[in-house]
Amino acid sequence: MARFEPLPTVRFAEGELRIIDQTLLPGRYEILSLTTVDAVCDAIRLLRVRGAPALGIAGAYGLLVAISEGGGGNLRDRVDDAARRIAATRPTAVNLGWALGRMLIASRTGDVSDLGAVLEREAHAILAEDLAMSEAMTSHGATLIADGDAVLTHCNTGGLCSGGGGTALGAVFAAAADGRSVRVFADETRPLLQGARLTAWECAQRDVPVTVLVEGAAASLLSSGNVASVFVGADRIAANGDVANKVGTLGLAILARRAGVPFYVVAPSSTIDSAIPDGAHIPIEHRGDDEVIRFGGIATAPSGVDAYNPAFDVTPADLVDAIVTERGVHRFPYQFTGKR
Ligand code: MRU
């Protein structure tokens, strides 16, 4: 039994992939039904569904959409083609390729007449495992949070980033559910404001006090002595523990080390890519200029100006005090090898 009710971030019913449309929050809470593979790909590219574990689940269910959408040709070919298109949407979160890979392996078992049932079972298993991993990793993470702690976090790592239970922010909610008094400082997370829009919304939903800050204020906050720890998620963790996460995470890790504040990463083992030795091998998504030089349709820089807009950065393992997975709290030096 989960310590707190998971959000219905990504679900599949009646041939439709149903997601909370995260681009509308905090203004509107709306479930969006996706009935074509094109719509699934657009939703991922536009961050209507986002966060590494949620991307994996959406990708898996996206293959069921490929089946229910119909169309000509061989069913297995249609599924393979959908997997290729969905995998190409966003490169950094390893969970997307991992979940699609699992689905394709499952698709090779049994007869093609069973394909729909086989894939539905596998996708449901991926969601159920994600919820179970959230429950375990947030419990382990909560052991690092004491009564009265203020936790600084970046991006959104609550129920919206996963099957519904969350990762780093989920650990804060688990500590609160255990009766500890906790407060959250949420980095706004430019340019798409996942911290201000989504983390603050989730905290409000769960009655956890939250204060939003611009990233530029993180240095003074960390040196003020008012933050007990930094908790972030991850999009891909290399075998040596280097962590790719939302751009700005590296800066926070450097600041936290300088201020003597512990820096923790919470992520499921589906985010660990033990096939790559270190963070230099992690593909980093770069997004369009407009996200940086326009805001709400209004130009915030002179027209024609270029923008540098990597969506993620890589934090070296030695700046990470612990990586928390569903298996427990791992301490530096890290060595993630073998099967996930
Ligand atoms: O671009 P996004 O919003 O998909 O980026 C999400 C993050 O960087 C999260 O911190 C990450 O997926 C962690 S959730 C384990």
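Whatever order the structure lists them in is the order used to number ligands and atoms, beginning at 1.
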Can you name the atoms of ligand 1, numbered from 1 with element, that are less than 4.0 Å from a heavy atom of Pro53? 14 (S), 15 (C)
Rounded to the nearest 0.5 Å, what separates atom CD in Glu120 from atom CG in Asp114? 13.0 Å
If you scan protein heavy atoms around atom 3 (O) of ligand 1, the nearest is Arg50 NE, 2.5 Å
Does an N or O from Pro268, backbone or side chain, lie closer than 3.5 Å to an N or O of ligand 1? no
Below 4.0 angstrom from a heavy atom of Thr167, which ligand 1 atoms are there? Numbered from 1 as shown, please. 14 (S), 15 (C)
Establish, from distance only, whether the side-chain atoms of Arg50 and Gln22 form a donor-acceptor pair under 3.5 Å. yes
Considering only the protein, which heavy-atom contact is closest to atom 5 (O) of ligand 1, and what is its distance? Lys246 CE, 3.4 Å
Tyr29, OH: over 12 other non-hydrogen atoms inside 6.0 angstrom: yes
Going by the 4.0 angstrom heavy-atom rule, the piece of Gln194 near ligand 1 is side chain
Mind checking whether Tyr334 and Phe336 have parallel, tilted or perpendicular rings, split at 30° and 60°? parallel
Applying a heavy-atom cut-off of 4.0 Å, say which part of Leu47 lies close to ligand 1: side chain, backbone, both or neither. side chain
Among all protein heavy atoms in this structure, tell me which lies nearest to atom 12 (O) of ligand 1, with the distance rounded to 0.1 Å. Ala52 N, 2.9 Å
Ligand 1 contact on Cys155 by region, counting heavy-atom pairs under 4.0 Å: side chain
Using the six-membered ring wherever Trp is involved, compare the ring planes of Phe231 and Tyr264 and label them parallel, tilted or perpendicular (cut-offs 30° and 60°). perpendicular
I need the nearest protein heavy-atom contact for atom 4 (O) of ligand 1: residue, atom name and distance, please. Arg90 NH1, 2.9 Å
For His154, which part has a heavy atom under 4.0 Å from ligand 1: side chain, backbone, both, or neither? neither
Among all the protein's non-hydrogen atoms, which is closest to atom 11 (C) of ligand 1, and how far away is it? Asp235 OD1, 3.1 Å
Set of salt bridge (charged side-chain N to carboxylate O under 4.0 Å, His left out) partners for Asp278, sequence neighbours left out: none
The answer for which part of Ala234 has a heavy atom under 4.0 Å from ligand 1 is backbone
Closest protein heavy atom (residue, atom, distance) for atom 10 (O) of ligand 1: Asn245 OD1, 2.7 Å
Val227 to Leu222 - nearest heavy-atom pair and separation: CG1-CD2, 4.1 Å
Asp77 to Asn74 - nearest heavy-atom pair and separation: N-OD1, 3.0 Å
Which residue and non-hydrogen atom of the protein lie closest to atom 14 (S) of ligand 1, and at what distance in Å? Cys161 SG, 3.3 Å
Is the Tyr61 ring parallel, tilted or perpendicular to the Phe12 ring (thresholds 30°, 60°)? parallel
